Amino acid sequence: MSNKEKNIMPSVNRRWDKQILKSDGFSSFASSLMAIVVGLLVGFIVLLVSNPSQALGGFKAILMGGFVDMKNLGQVFYFATPIIMTGLSVGFANRTGLFNIGASGQFIIGAYAAVYVGVKWTFLPGASHWIVALIVAMLAGAIWGLIPGILNAMCNVNVVISCIMMNYVGMYTVNFLVTKTIFDSLKNQSKPVAATAIMPKMGLNQLFKTGNSSSSVNAGIFVAIIAGIVIYIILNKTKFGFELKACGFNRDACKYAGINEKRNIMYSMMIAGALAALGGALLYLAGSGKGIEVLDTLAAEGFNGIPVALLGLNNPIGIIFSGIFVAYLNVGGFNMQLYDFVPQVIEIIISVIIYFSAFAFLLKGFIQSYNKKRDDHAANANAEPDLNTTTEKGGEE
């Protein structure tokens with residue numbers, strides 16, 4: 001390599017480093033990482049206050065709980081599956097200018113549709129049973145999401161208010177339908193689905209097991225990951241996704257440009273509803289023995305999708321990783337009870353971490369502002385020598 005090439009290489013590397021530091025992806029990753037670190041530190045302080053002698057052991061449990069054994073690692077993916085889907089639902093709506101706080105209602109509606117098909121439609125052969133159950137769940141969720149979409153597009157009803165009301169309507173509707181159609185009175189929940197309606201394990205139950213005890217992870221995690229990739233492609237690589245995002249930025253400008261903004265609002269809520277409903281179907285078709293309980297309580301998975309979307313900065317790929325991270329915290333929280341921490345303390349720690357994760361957008365703004373100031377300073381510094389050179393030349397003339 002010549003001396004000239006050796007001199008060029010460091011400058012090229014420095015240029016690439018600057019481009020990486022200024023990239024939107026780096027600022028997004030850095031802001032989320034900073035929020036997680038701050039949240040964990042606050043969580044450790046809570047442990048110190050509640051039980052100083054066991055604080056270090058408890059903090060280690062929440063950090064390493066998912067890696068204790070293969071079964072726990074499998075449970076991380078099992079718990080991550082539904083919240084990845086609800087996170088995608090909330091994140092997709094946010095990218096299109098809508099706040100889908102109705103993921104809980106869409107989630108439970110999709111869960112009921114899938115379980116009903118799994119219990120009643122036993123005439124479906126083999127693998128077609130669980131596939132049809134997923135499709136029916138997505139259709140039910142899309143219809144449920146379409147209702148607040150129509151109200152917002154046609155009547156200008158605030159989508160947040162209508163989604164909140166639809167959450168309660170969905171909860172009570174499912175409670176009524178479960179008791180009338182697929183109720184197991186002994187367990188106060190829905191009946192178990194047929195074996196053909198259970199998601200295939202694809203060997204994951206053998207991979208993620210400890211002794212004779214297997215985790216509940218199944219093919220649902222792959223469905224969630226594929227859904228995230230598909231949503232990323234739709235939003236960033238297609239004309240349809242561009243129009244949806246454009247309507248989120250400025251509806252009036254889209255209308256002026258000839259884009260049907262009302263139709264796109266309804267499409268956005270339909271897709272968001274289908275994603276949340278798919279999460280409900282994947283959870284209750286996992287074959288873990290979980291059924292739809294008849295309780296006057298909104299599905300927590302729907303609301304957990306909000307911090308997952310915030311932590312992932314509404315990026316579908318980021319939401320996949322943030323969903324896995326939040327599930328990892330939950331599994332670690334279960335192991336903290338070995339150190340005499342009551343469940344309420346565990347919930348506080350997880351809530352604090354999620355709360356600080358919501359500040360990821362704020363931290364991202366700080367990082368971008370810092371990069372801009374640094375670029376402006378560098379530009380001014382480079383302009384001063386040029387000005388001095390010009391002044392000298394003018395003096396010589």
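Because only heavy atoms are used, hydrogens play no part in the values below, and waters and symmetry mates are left out as well, while side chains stay in. Being a predicted model, the structure only gives us computed values, none of them experimental. The residues of the chain are indexed from 1 along the displayed sequence.
- Note on Ile265 and Ile143: separate hydrophobic clusters, where clusters join Ile, Leu, Val, Met, Phe, Trp and Tyr whose side-chain heavy atoms are under 4.5 Å apart, directly or indirectly.
- A perpendicular orientation is assigned to the rings of Trp121 and Tyr116, their planes being inclined by more than 60° (bins at 30° and 60°).
- Proximity of a side-chain donor or acceptor of Ser214 to a complementary backbone N or O of Gln206 within less than 3.5 Å is not detected.
- Donor-acceptor pairing under 3.5 Å is recorded for the side chains of Lys71 and Ser213.
- Asn167 and Ser104 share no donor-acceptor pair across their side chains, judged by distance under 3.5 Å alone.
- For Thr96 and Tyr267, the side-chain atoms include no donor-acceptor pair closer than 3.5 Å.
- In this structure, Phe242 and Asn236 have side chains that are not in contact, with every pair of non-hydrogen atoms separated by 4.5 Å or more.
- Linking Ile, Leu, Val, Met, Phe, Trp and Tyr residues whenever their side-chain heavy atoms come within less than 4.5 Å leaves Leu63 and Ile45 in two separate clusters.
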**Item:** From CA spacing to verdict: ring-ring contact (aromatic ring centres under 6.0 Å, His included), Tyr284, Tyr112
**Value:** CA-CA 9 Å; Tyr284 289 97; Tyr112 171 76; over 10 Å; no

**Request:** For Leu275 and Thr86, run side-chain contact (heavy atoms from CB on, under 4.5 Å): C-alpha distance rounded to whole Å, both residues' side-chain angles, the deciding distance at 0.1 Å, then the answer.
**Result:** CA-CA 7 Å; Leu275 290 170; Thr86 54; over 6 Å; no

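- Using modelled atom types and a 3.5 Å distance limit, the side chains of Asn51 and Ser53 yield a donor-acceptor pair.
- Counting heavy atoms from C-beta on, the side chains of Met154 and Met266 come closer than 4.5 Å.
- Contact of the Glu243 side chain with the Cys254 side chain is not registered, since no non-hydrogen atoms from C-beta on lie closer than 4.5 Å.
- Following chains of ILVMFWY side-chain contacts shorter than 4.5 Å, one can reach Ile234 starting from Leu88, so the two form part of one hydrophobic cluster.
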**Message:** Using side chain to side chain donor-acceptor pair (under 3.5 Å), reason through Asn330 and Gln75 one step at a time and then give a plain yes or no.
**Reply:** CA-CA 10 Å; Asn330 281 287; Gln75 288 301 99; over 6 Å; no

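- In this structure, Phe208 has its ring center no closer than 6.0 Å to that of Tyr78.
- Of all non-hydrogen atoms in Met70 and Thr210, the two that sit nearest each other are N-OG1, 3.7 Å.
- Linking ILVMFWY side-chain heavy atoms closer than 4.5 Å, directly or via other members, places Tyr168 and Met165 in two distinct hydrophobic clusters.
- In this structure, Lys120 and Ile182 have side chains that are in contact, with non-hydrogen atoms separated by less than 4.5 Å.
- Using a 4.5 Å cut-off on side-chain heavy atoms (C-beta onward), Val159 and Asn152 make contact.
- Cluster membership for Leu139 and Ile109, using ILVMFWY side-chain heavy atoms within less than 4.5 angstrom, is shared.
- Looking at Phe99 and Asn94, their side chains come closer than 4.5 Å, going by heavy atoms from C-beta outward.
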